[in-house]
Amino acid sequence: MAEILCADLQAFMDAVNQSLNYVMEHEIAEITKDAIFVMVETEVYRKYTPRVYQRQGAYGGLQDRDNMEATYDRVTKTLTVEDVRDDPGTKDWRWRKTGDPENTVADIVENGGPWSWRVHIGPRPFHKPAEDFLIRNGYVDQTLTQEMELNLMGWNY
C-alpha cells in the first residue's frame, strides 16, 4: 500500500514540476516581457525626448520583445528576463568606456551612462520596476495559480 502511495505521490509531483516549468517558461516569461515593455515606456522613454537619435521602440529598441531574453533554471525554479538591447555600432566605444565587453544599451540606460554626448540624463532603471509592478499587483501569483490549476485539473487525486 505504501509503495502505491509513494508512486502516486511521485507521479503527482512530476506533473506539478512539469506544469510549473511550462508556466514559468511561457506564461510568466511573457507577462514579464509585457511589464518590461510598459516600464521602458514610463521609466525610460517618457523621461526625455532625444535630439541626437530616433528611438526604435518596439522595432529594434528597448521595447522590442526580440531584445528580451528569458532564462529559466529548472533546478532552482528561477526565471530571469532581461532586456539585452545592443548596438553593434557603439559596442567598441561602450567596451572601452566601461571595461565590460557584455555591456548593452539596456545596461547604459539603467546605469545612466556612459554617454557619448554632453547631456547627462541619469539612470533610468526599468527591470526592477517591472518586477515590482508584477509582484505588487499579484500578476505572477494570479497567473501561476490560474495556469497550474488549469494544467492539473485532470489529475486524479
Side-chain angles (χ1 to χ4, degrees), residues 9-48 50 53-116 121-155:
L9 179 59
Q10 185 59 52
F12 177 71
M13 290 307 299
D14 290 345
V16 167
N17 278 317
Q18 284 180 341
S19 177
L20 177 63
N21 291 340
Y22 182 85
V23 172
M24 292 296 286
E25 290 173 330
H26 295 90
E27 280 81 2
I28 301 299
E30 291 307 309
I31 67 167
T32 303
K33 289 178 182 181
D34 291 343
I36 290 173
F37 182 96
V38 170
M39 290 304 143
V40 166
E41 181 64 37
T42 60
E43 303 302 314
V44 178
Y45 290 169
R46 290 187 188 169
K47 298 296 181 180
Y48 84 104
Y53 62 92
Q54 185 173 9
R55 290 186 172 132
Q56 294 175 324
Y59 304 99
L62 291 171
Q63 288 181 316
D64 190 333
R65 294 171 76 82
D66 290 337
N67 286 331
M68 298 178 200
E69 287 184 357
T71 308
Y72 179 65
D73 184 329
R74 289 176 170 228
V75 175
T76 63
K77 308 294 187 213
T78 304
L79 174 68
T80 304
V81 181
E82 63 182 331
D83 197 309
V84 293
R85 158 73 165 92
D86 206 359
D87 177 23
T90 62
K91 186 103 176 147
D92 286 339
W93 177 84
R94 284 182 281 123
W95 185 1
R96 284 192 308 272
K97 283 286 203 179
T98 65
D100 180 3
E102 301 303 317
N103 187 270
T104 66
V105 171
D107 293 330
I108 287 177
V109 170
E110 287 220 314
N111 297 324
W115 300 106
S116 60
I121 299 153
R124 292 169 290 151
F126 57 91
H127 285 106
K128 181 73 169 120
E131 177 184 357
D132 293 344
F133 172 80
L134 289 170
I135 292 169
R136 182 179 58 251
N137 292 299
Y139 293 128
V140 172
D141 290 340
Q142 290 169 11
T143 302
L144 192 55
T145 300
Q146 213 171 10
E147 295 297 325
M148 291 293 288
E149 286 175 354
L150 281 172
N151 290 346
L152 298 172
M153 206 167 187
W155 184 264

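We number each residue from 1, following the sequence as shown.
- Between Lys128 and Glu110 there is no salt bridge, since no side-chain nitrogen of the basic residue lies less than 4.0 Å from a carboxylate oxygen of the acidic one.
- Side-chain atoms of Val16 and Met148, non-hydrogen and from C-beta on, do get closer than 4.5 Å to each other.
- Counting heavy atoms from C-beta outward, Arg124 and Val40 have side chains that stay 4.5 Å or more apart.
- Glu69 places no side-chain N or O within 3.5 Å of a backbone atom of Glu82 that could act as its donor or acceptor partner.
- Remark: Arg46 fails to qualify as a cation-pi partner of Phe126 under the 6.0 Å distance and 45° angle criteria applied to the six-membered ring.
- Looking at every heavy atom in both residues, Arg74 comes nearest to Asn21 through NH1-ND2, 3.5 Å.
- Annotation: the span from Thr32 atom OG1 to Met39 atom CE amounts to 11.5 Å, rounded to 0.5 Å.
- For the pair Gly61 and Asn67, the tightest heavy-atom approach, listed with the atom from each and the gap, is O-ND2, 2.9 Å.
- Between Met24 and Leu144 the shortest side-chain heavy-atom distance falls below 4.5 Å.
- Taking CD of Glu25 as the start and CG of Asp73 as the end, the distance is 10.0 Å to the nearest 0.5 Å.
- Atoms CD and CG, from Glu147 and Leu152 in turn, are 11.0 Å apart once rounded to the nearest 0.5 Å.
- At a threshold of 4.5 Å between non-hydrogen side-chain atoms, the residues Arg65 and Asp34 count as touching.
- Using modelled atom types, one side-chain atom of Arg55 and one backbone atom of Tyr45 make a donor-acceptor pair closer than 3.5 Å.
- Contact annotation: the side chain of Gln56 approaches that of Arg85 to within less than 4.5 Å [non-hydrogen atoms, C-beta and beyond].
- Minimum heavy-atom separation, Lys33 to Ala70: CE-CB, 4.4 Å.
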Under the side-chain hydrogen bond (donor to acceptor under 3.5 Å, both in side chains) criterion, do Asp14 and Gln10 qualify, and how do the steps go? CA-CA 6 Å; Asp14 290 345; Gln10 185 59 52; 2.8 Å; yes
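- Interatomic distance, Lys47 NZ to Thr42 OG1, rounded to the nearest 0.5 Å: 7.0 Å.
- Applying the ring-ring contact (aromatic ring centres under 6.0 Å, His included) rule to Tyr72 yields no partners; only residues at least two apart in sequence or on another chain are considered.
- Considering every non-hydrogen atom in both Asn137 and Gln142, the closest pair reads O-NE2, 3.7 Å.
- For Asp141, there are no side-chain contact (heavy atoms from CB on, under 4.5 Å) partners two or more places apart in sequence or in a different chain.
- To the nearest 0.5 Å, the span separating CE on Met68 from CG on Leu62 amounts to 8.0 Å.
- Annotation: side chain of Thr143 is in contact with side chain of Ile28 (closest heavy-atom distance under 4.5 Å).
- Within the 3.5 Å criterion, the main-chain N or O of Asp66 finds a donor-acceptor partner in the side chain of Asp64.
- Atom-to-atom distance recorded for Asn17:CG and Phe12:CZ is 10.0 Å, nearest 0.5 angstrom.
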